Amino acid sequence: MCGILAVLGVADVSLAKRARIIELSRRLRHRGPDWSGLHCHQDCYLAHQRLAIVDPTSGDQPLYNEDKSIVVTVNGEIYNHEELKAKLTNHQFQTGSDCEVIAHLYEEYGEEFMDMLDGMFSFVLLDTRDKTFIAARDAIGICPLYMGWGLDGSVWFSSEMKALSDDCERFITFPPGHLYSSKTGALRRWYNPPWFSESIPSTPYNALLLREMFEKSVIKRLMSDVPFGVLLSGGLDSSLVASVASRHLEETKGASPWGNKLHTFCIGLKGSPDLKAAREVADYLNTVHHEFHFTVQEGIDALEEVIYHIETYDVTTIRASTPMFLMSRKIKSLGVKMVLSGEGSDEIFGGYLYFHKAPNKKEFHEETCRKIKALHLYDCLRANKATSAWGVEARVPFLDKSFINVAMDIDPEWKMIRRDLGRIEKWVIRNAFDDEKRPYLPKHILYRQKEQFSDGVGYSWIDGLKDHASQHVSDSMMMNACFVYPENTPTTKEGYYYRMIFEKVFPKVSRGKVNCPWRSKCGMQHRQSC
């Protein structure tokens, strides 16, 4: 993942302002430690911190069209860039970067090219010919983006809150699947898939099509010029990602910078469920497996740093982000810059245990739609920022646009948990990969019940966090919590403790600007203990 910062329409164009923007951009350097870039045009600044994964030698940013009248700073990956380049026959490309295509697409189609992009991204593009600009975020919100406003009338965009919170009067989370145009001064949603309306689909379940679409999604995300691997917890989702990736590398014989053997990574407390399950899957797939351990105390010691990087005080997000943050540091030490991860499956297929309580397919489907729409606040945020803290990029095959379209077009009756028919949660994806002739996974892994990541790394992890918080938050502090924190008042000592840390590392962020825990329609709280 890279880090982007754009400041447009500032009143002060002095050298001091330029230095300030460079200083703020440095706050994002953990996301892109390989190179820094800055383009200045009158009162507009586009800054970039690069993590070099595709075309490491010539893909430095910002990127331009042929005459440099169009400038773009991008965080993300455009998986279909070669296909798009083939359509732009009248354009000359200066680099091998997958992101350069955005500048040329704008030159060719104006603002009407967003649906053509297949990837994860957030970007800001400046057209110096009329000094207009656009900013956009990918369909699901895999790549983070924030938008802010200065007192001088300037508009700001940043990959992380920390680069604009001190200098903006107000800022928001840039909504996924949206585009901002300075021509209209407004946001508009460019991503309008059929499932977004939450109307109930009726397409029959096609196991082979679902499998094919997921395999394509995994394979396109292996686009890399640097070593990569898969985060493997041993649960269904990460195991499927690892199985498809491993099979592809084996068949292509050495297409990876590390050869034709997949590298997999897992972390946990010693003796944790994930470590055991991941080792079993890795042995079955014959991957080069890396197993990391951490202690409860090491996790507690990292909490302040974790909250600084993930920029939230949501309890479940912090619980799950901390092991991922520690693992990412280990992964980076091995020279790995990119990993595939299994986020998104539970939202698409209704994998959380409370989906057992869905009374009918209509409410089941509507809940999955709402869960996908909220991913950018929680699991996408965690996967992106916990890995980017150490300059590692996480890619999520389950959140491929085409795959989601197929998966969300299935009649939700097939996704319902039906014990009488032998269907457990996520049966449709389990069954799609249940191949007797050439198994993707052992049966007991394929049908393993879900563990929450924060549980799977070791059951004593959460107990340790609660005990630690209890030592720092008194009963009287809890009694007055609604006065100290009137917005999103913490209801547990653990939540109160994280809130204190958040206020410490972001003292200038006014209350009420941070995303709050999201509750499902049926009254079940997905974010436990928040």
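Nothing here was measured: the structure is a model prediction, and the numbers come from that model. Below, all heavy atoms of this structure are taken into account, side chains as well, without hydrogens, waters or symmetry copies.
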**Report entry** Check: L399 and E347 side chains under 4.5 Å, non-hydrogen atoms
**Finding:** no
Query - Closest non-hydrogen atom pair between D274 and I267, with its separation - result: CB-O, 4.5 Å
**Report entry** From Y498 atom OH to T317 atom OG1, the distance as rounded to the nearest 0.5 Å
**Finding:** 10.5 Å
Query raised in the report: Is a side-chain N or O of H178 found less than 3.5 angstrom from the main chain of F174, in a donor-acceptor match?
Result: no
Query raised in the report: Do F292 and I331 come close enough that some side-chain heavy atom pair is under 4.5 Å?
Result: yes
Query raised in the report: Between atom CZ of F294 and atom NZ of K270, what is the distance when rounded to the nearest 0.5 Å?
Result: 13.0 Å
Query raised in the report: NZ of K415 to CD1 of I429: how many Å apart, nearest 0.5 Å?
Result: 10.0 Å
Requested in this report: May I ask you to check whether over 12 heavy atoms, not counting those of K330, lie within 6.0 Å of atom NZ?
Outcome: no
Query raised in the report: Parallel, tilted or perpendicular: which describes the rings of H290 and F265, with under 30° parallel and over 60° perpendicular?
Result: parallel
Report task. Return each pair, listed once, that meets salt bridge (Lys or Arg N to Asp or Glu O under 4.0 Å) where at least one residue sits in residues 389-399; pairs must be two or more places apart or across chains. Result -> E77-R395, E393-R395
Requested in this report: Mark yes or no: K373 above the aromatic ring of F196, with NZ or CZ under 6.0 Å from the six-membered ring centre and no more than 45 degrees from the axis.
Outcome: yes
Query raised in the report: Under 3.5 Å, is there a donor-acceptor pair between the side chain of S243 and the main chain of L240?
Result: no
**Report entry** D118 bridged to K401 by N-O distance under 4.0 Å
**Finding:** no
Report task. Of all the heavy-atom pairs spanning M120 and C143, show the shortest one and how long it is. Result -> C-SG, 3.7 Å
**Report entry** Test: K385 and E160 ion pair at under 4.0 Å
**Finding:** no
Query - Sidechain N-carboxylate O distance under 4.0 Å for E23, R26 - result: no
Query raised in the report: Can you say whether the rings of F506 and F502 are parallel (under 30°), tilted (30 to 60°) or perpendicular (over 60°)?
Result: tilted
Query raised in the report: Do the ring planes of F121 and W190 sit parallel (below 30°), tilted (30 to 60°) or perpendicular (above 60°)?
Result: parallel
Query raised in the report: Is any side-chain heavy atom of F228 closer than 4.5 Å to a side-chain heavy atom of H263?
Result: no
Query - Salt-bridge present (K371, E367; N to O < 4.0 Å) - result: no
Query - Side-chain donor-acceptor pair present, D467, Q471, cut-off under 3.5 Å - result: no
Query raised in the report: Can a salt bridge be assigned to the pair K17 and D152 using a cut-off of 4.0 Å between side-chain N and carboxylate O?
Result: no
Report task. Any chance you could measure M479, atom CE, to S474, atom OG, to the nearest 0.5 Å? Result -> 9.0 Å
Report task. Check the surroundings of atom CZ in R20: do more than 12 heavy atoms from other residues, nucleotides or ligands lie under 6.0 Å from it? Result -> yes
Query raised in the report: Angle class for the Y352/Y354 ring planes (parallel below 30°, perpendicular above 60°, tilted otherwise)?
Result: parallel
Query raised in the report: So, for W390 and F325, is the gap between ring centers shorter than 6.0 Å?
Result: yes
Report task. Assess the pair F355 and F349: is the distance between their ring centroids shorter than 6.0 Å? Result -> no
Query - Short side-chain donor-acceptor distance under 3.5 Å, R329 and S333 - result: no
